[in-house]
Amino acid sequence: ISRHPLLFPTQHQHGWSSHDVGSKALILSSKDQSLGMGTYSIGVYGFKGTTKYQVSVTVQDNSDRKVGQQAMSSSSSMEMDTVECRNCKHYIPTRTIALHEVYCSRHNIICQEAGCGVILRIEEAKNHIHCGKCGGAFQQGEIEKHMKVFHEPLHCPCGIVLEKEQMVQHQSSDCPLRLITCRFCGDMVQAGTSTADVRDRFRGL
Ligand SMILES: [Zn+2]
Ligand SMILES: [Zn+2]
Ligand SMILES: [Zn+2]
Ligand SMILES: [Zn+2]
Ligand SMILES: [Zn+2]
């Protein structure tokens, strides 16, 4: 997705993007200063083969949802007489902890990867893997796409070689070849190293 009405979002030039497998909701919050009224473009790029996709856009007033979340978190902090399961680290009522731990250790394991700690059913565990480069957690079937999209080196026309996330950042704010709106005449010009485009300098603006 990109905000600019003149530039269609590409894989590396965009404001927001998602590379998840399956459905994904991208939420643009009104609290974000860079958002507002305007035209947004949505680009959909395939990874491999062909697939069907559906794009839907909804405007949501989320003021009531926040009230609901607050109410939930305040009631769940009031659990009493519980003890931590040594396997899944969940707090379990003391009278059922023995039963729970037997069942839990037979069916669940915790991912040992630093910072993960996700509880997995034993049959799901071999499907849960971490990227060796960024540590992100993925399903077995997602890792090929993740490695290709996020960790394959990309070449910018300006000569620099970066991974995807740095490339998006580079092309939106650092690349001398990126197009920006000239602050004097309003045309799209290459950023270069100066803020004024050449024609404006000739006109003496
Ligand atoms: Zn447990
Ligand atoms: Zn994990
Ligand atoms: Zn990764
Ligand atoms: Zn560049
Ligand atoms: Zn200009």
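These figures come from a predicted structure and were not determined experimentally. Atoms within a ligand are numbered from 1 in the order they appear, just like the ligands themselves.
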Closer than 2.8 Å to the Zn ion (ligand 1), do we get an N, O or S atom from C104, backbone or side chain?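 Yes, since at least one N, O or S atom of C104 sits under 2.8 Å from the Zn ion (ligand 1).
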The Zn ion (ligand 2): protein N, O or S atoms [distance under 2.8 Å]: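 Protein N, O or S atoms closer than 2.8 Å to the Zn ion (ligand 2): C111 SG, C116 SG, H128 NE2, H130 NE2.
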Between S105 and N87, a side-chain donor and acceptor under 3.5 Å: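 Absent: no donor and acceptor within the cut-off.
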T96 backbone acceptor or donor facing H100 side chain under 3.5 Å: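 Absent.
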For the residue pair H151 and H146, categorise the inter-ring angle as parallel (less than 30°), tilted (30 to 60°) or perpendicular (more than 60°). perpendicular
H100 NE2 and C88 SG subtending at the Zn ion (ligand 1) (10° steps): 110°
Once side chain to side chain donor-acceptor pair (under 3.5 Å) is applied, what residue pairs with a partner in residues 169-178 remain, sequence neighbours excluded?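 Checked against side chain to side chain donor-acceptor pair (under 3.5 Å) - neighbours excluded - the pairs reaching residues 169-178 are Q169-S173.
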Nearest non-hydrogen partners of I97 and I92, listed with the distance: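 Closest approach of I97 to I92, heavy atoms only: CD1-CB, 3.7 Å.
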To the nearest 10 degrees, could you say what angle the Zn ion (ligand 4) makes with NE2 of H170 and SG of C175?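 Taking the Zn ion (ligand 4) as the apex, I get 110° for this pair.
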At the Zn ion (ligand 4), SG of C156 and SG of C158 open up to roughly (10° bins) 110°
Are I129 and M147 connected in a single hydrophobic cluster, I mean Ile/Leu/Val/Met/Phe/Trp/Tyr linked by side-chain heavy atoms less than 4.5 Å apart?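 Yes, M147 and I129 fall within the same hydrophobic cluster.
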Taking a hydrophobic cluster as the set of Ile, Leu, Val, Met, Phe, Trp and Tyr residues connected by side-chain heavy atoms closer than 4.5 Å, whether directly or through intermediates, do Y53 and I1 fall within one such cluster?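 Looking at the clustering, I1 is in the same group as Y53.
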NZ/K145 to CD/Q139 distance, rounded to the nearest 0.5 angstrom? 13.5 Å
